[in-house]
Amino acid sequence: MTTAFDKLARPIQRWIRSQGWRDLRDIQVRSITAISDGTSDVIIAASTAGGKTEAAFLPLISQVIADEEAVGGFDLLYVAPLKALITDQANRLEAMCQEAELPVVPWHGDVSASIKARAVKRPRGVLLITPESLEALFMRRGLEIPRLFRSLRAVILDEVHTMLDSERGVQLRSQLTRLELAIGRPIRRIGLSATLGDMDQARIYLRPDNAASVQVIEAQGGEAELRLQLRGYIAGGDDKSLPPPTDLIAKHLFDHLRGTDNLAFAGSRQSVEIYADRLRALCEDARLPQEFYPHHASLSREHREAVERRLKDGKLPTTAICTSTLELGIDIGDVSCVAQIGAPFSVASLRQRLGRSGRRAGKPAILRQYAIEAKINAKSSFADRLRLGLLRSIAMIDLLLEGWCEPARTGALHLSTLVHQILSIITERGGANAPRLYRMLCQDGPFRQVSPAIFADVLRAMGQCDPALIEQASDGLLLLGPMGESLTSHYSFYAVFQTPEEYRLIAEGRELGTLPIDNMVAPGMMIIFSGRRWLVQEVDDQGKVIIVTHAKAGAPPIFGGDAGMIHDVVIERMFDLLNRDDVPSYLDPTARELLAEARSDFSRMQFPSSRIAEIGEGAWIVATHCGTVKTTTLAFALRSRGFTVQTFDGFLEVMTGRSSCDLVAALGSIAEGAECHLFAADANLTTEKFHPYLTQSLLEMDALSFRLDQLSLPSLARSVLGLPSEYI
DNA sequence: GACCTGCTGCGGCGTG
């Protein structure tokens, strides 16, 4: 029998020996066999630093080397969501490809135009690119695409879980279809990930027309031991002499993380600033060198890279207080512990974060979860009483331990991204006809939920906005309109996602980072930024610049953001926790106390037997037992009937408002399937980049396909009312 | 009720 090693080309075998590897990892052996012996698409699922990149590239590069009939063109295409990942992988592949004299070409916004020009002139080897740069290639060099990619053997999609049903994911899938159509044959797809919730779904994503043929190679076990603790804190107590929870948590982090490398996820940029400020002060008070640094997307690249370098080289102990900026990305080495302040928004991201800890053999992964809950008094809201943040933290940790994580949400129309792709294809080809666009994007491509009628409406909307995005020539060919010309000719077009306008923050001539433009900032104000305190000297509205100097006090700015989407399974688990009486072993005494209080308040509100509790004249709490999408849909339906509604995790707070109607009667009519218009006249539905060019009815359709779930309404109302679920 | 990601072509100037 031939071993996996024997299947590899000589130069690759030499490279492996030069690395001093004693043997190949199991995932690599299985991947080499699958990729060398077969032709099917492959998903390689293994934890961070599990050797996935080599598992894919060792056999693929071997095949390229063995092929002696090269006619020119790139041999392999690697697509990743981050520039830093591309730079990192290019360096790793460089050595592997050197012996075989195969070029490795990193291609993103920071790569010089001369390197790109050379690669286009003589395309060979491995091209590593972002979806945005690939979009630019299609639009600026559309005619050259067949020549550049005619010999392509495979496309490797890194961190494929971040690309499943996101705007960028749909863009990438569309690009893959366009690539296959351009060269006239299918291209093998290899997906890499550490965090896939549902393998069958990932198969469908990777090859929608033949999902069954996709081979999945999953790393076996090998999960490090997990040590975890959840600490509870109470905010707003009567005793003003007690320090607030932020100070207590900062002190706890200071005492337990000092001297080692750690990641502390604080949940928002504002919290990152608060904790970084407290921890810096604690180091100064103790006359110790700084080792706690803030890290989030508004900080300057210079500052962020310095923190990453400190973590990676491992010489000085470093803790990054961070947002999801450090969840994904380049290898920053092993960290001792991952701290999570406040409930995370998804189990998938918690899993990804924990993947950064305990990777060295024999060392446990450590998760420190901190939960802050309000002190209860007579005026406390039900949401405070039920400790929803603590419950969500416990629910997510339990689901993590069970190996579950959120699958992608399917079924979305993605109309904003569809507009983007229509404009891109028209630019690429200098024009396109509607039936062909429909075939490329909706039949062969990823927009399969879009019917011919909806597609026609989208084209009409693009033609009717003023100035028009597209126009039609007398022979029916679709061309760019004035607005289409203007959008596609600017480099900001390539990304499908929206980005807000920002101010640049400057101190002593150096850029600290950026602030969202909707922040109220005026000279004389004190702010906390980059873990330090500043006095605003000057605000230049034209140049979008804020000049600051050092200050003694300050408050952190507000960075804004959108609502999270909590999955149904997480909310169900939260209710399950309220109805049980066992206590997870990883809770500290305060957290145990908080959980016990939540449970007793829950039963006092008569919830275990009923789903509606009347809390006053014309005021109710409704337990939906559902995640954000369904709960929000019911809130929209009740609002459209005149109620005032606030949403919480798995609950609604409903008030009569201008409705004279009884809540039970309203739910009854929803349960019977009565028609209801969900959108108030002022509902803001333009959430994505190309939404401003669509009509109200298309925007409503887009929202209903993704952020709302109208079909679930009758059965949700029935279960809230305690009626048997409908027989279908 | 939050976070993250990305970007071309070309003119102008200096240097060898």
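Computed over heavy atoms, backbone and side chain alike; hydrogens, waters and symmetry mates excluded. Letters A, B, ... are given to chains in the order of the sequence lines, protein chains preceding strands, and every chain is numbered from 1.
Comparing atom distances between the A/Ser268 side chain and each of B/dA2, B/dG6, B/dT5 picks out B/dA2 as nearest.
No hydrogens or angles considered: a donor-acceptor pair under 3.5 Å links the side chains of A/His161 and A/Ser193. A/Thr647 and A/Thr632 share no donor-acceptor pair across their side chains, judged by distance under 3.5 Å alone.
Between the C1' atom of B/dC3 and the NE2 atom of A/His295 lies a distance of 13 Å, rounded to the nearest Å. A/Ile341 places its CD1 atom 15 Å from the C1' atom of B/dC3, with the value rounded to the nearest Å. Rounding to whole angstrom units, CG of residue A/Leu326 and P of B/dC3 are separated by 15 Å. Regarding A/Glu327, its CD atom lies at a distance of 8 Å from the C1' atom of B/dC4, rounded to whole Å. Across the protein-nucleic acid pair, A/Phe345 atom CZ and B/dC3 atom C1' stand 8 Å apart, rounded to whole Å. Regarding A/Met396, its CE atom lies at a distance of 15 Å from the P atom of B/dA2, rounded to whole Å. Atom pair A/His420:NE2 and B/dC7:P shows a separation of 12 Å (rounding to whole Å applied). What separates CG of A/Leu328 from P of B/dC3 is a distance of 17 Å, to the nearest Å.
In this structure, the salt bridge (Lys or Arg N to Asp or Glu O under 4.0 Å) partners of A/Arg147, at least two apart in sequence or on a different chain, are A/Glu144. Listed by chain and number, the residues in a salt bridge (Lys or Arg N to Asp or Glu O under 4.0 Å) with A/Lys630 are A/Asp568 (sequence neighbours excluded). Taking the side chain to side chain donor-acceptor pair (under 3.5 Å) definition, one finds that A/Tyr205 meets it with nothing, sequence neighbours left out. For A/Glu572, the salt bridge (Lys or Arg N to Asp or Glu O under 4.0 Å) criterion is met by no residue, not counting sequence neighbours.
Each of A/His490 and A/Thr647 lies near DNA chain B, and the nucleotide nearest A/Thr647 is the one positioned closer to the 5' end. The 5' end of DNA chain B is approached more closely, in terms of each residue's nearest nucleotide, by A/Thr628 than by the other of A/Thr628 and A/Thr499.
Partner of A/Phe265 under the side-chain contact (heavy atoms from CB on, under 4.5 Å) criterion, chosen from A/Val272, A/Thr325, A/Val338: A/Val338.
Ring-base stacking between A/Phe497 and B/dG6 is not satisfied when judged by a centre separation under 5.5 Å and a plane angle under 30°.
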Under 3.5 Å, which N/O atoms of the protein pair with N/O atoms of nucleotides 8-12 of chain B?
residue, atom, partner, partner atom, Å
B/dT8, OP1, A/Ser133, OG, 3.4
B/dT8, OP2, A/Lys116, NZ, 3.4
B/dT8, O4', A/Tyr494, OH, 3.4

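Panel note: side chain A/Gln171, backbone A/Tyr494; a donor-acceptor pair is recorded below 3.5 Å. At distances below 3.5 Å, at least one donor-acceptor pair connects side-chain atoms of A/His420 with backbone N or O atoms of A/Phe493.
Using a 4.0 Å cut-off, some side-chain N or O of A/Thr130 falls inside it from OP1 or OP2 of B/dC7.
Atom CZ of residue A/Phe602 and atom CG of residue A/Leu578 lie 5.0 Å apart, to the nearest 0.5 angstrom.
For the segment residues 162-177 of chain A, residues with any heavy atom less than 4.0 angstrom from an atom of DNA chain B are, sorted by number, A/Arg168.
Residue contacts for A/Ser492: at a heavy-atom cut-off of 4.0 Å it reaches a base atom on one of the strands shown. Among the heavy atoms of the strands lying under 4.0 Å from A/Arg304 are primed sugar atoms or P, OP1, OP2 only; no base atom is included.
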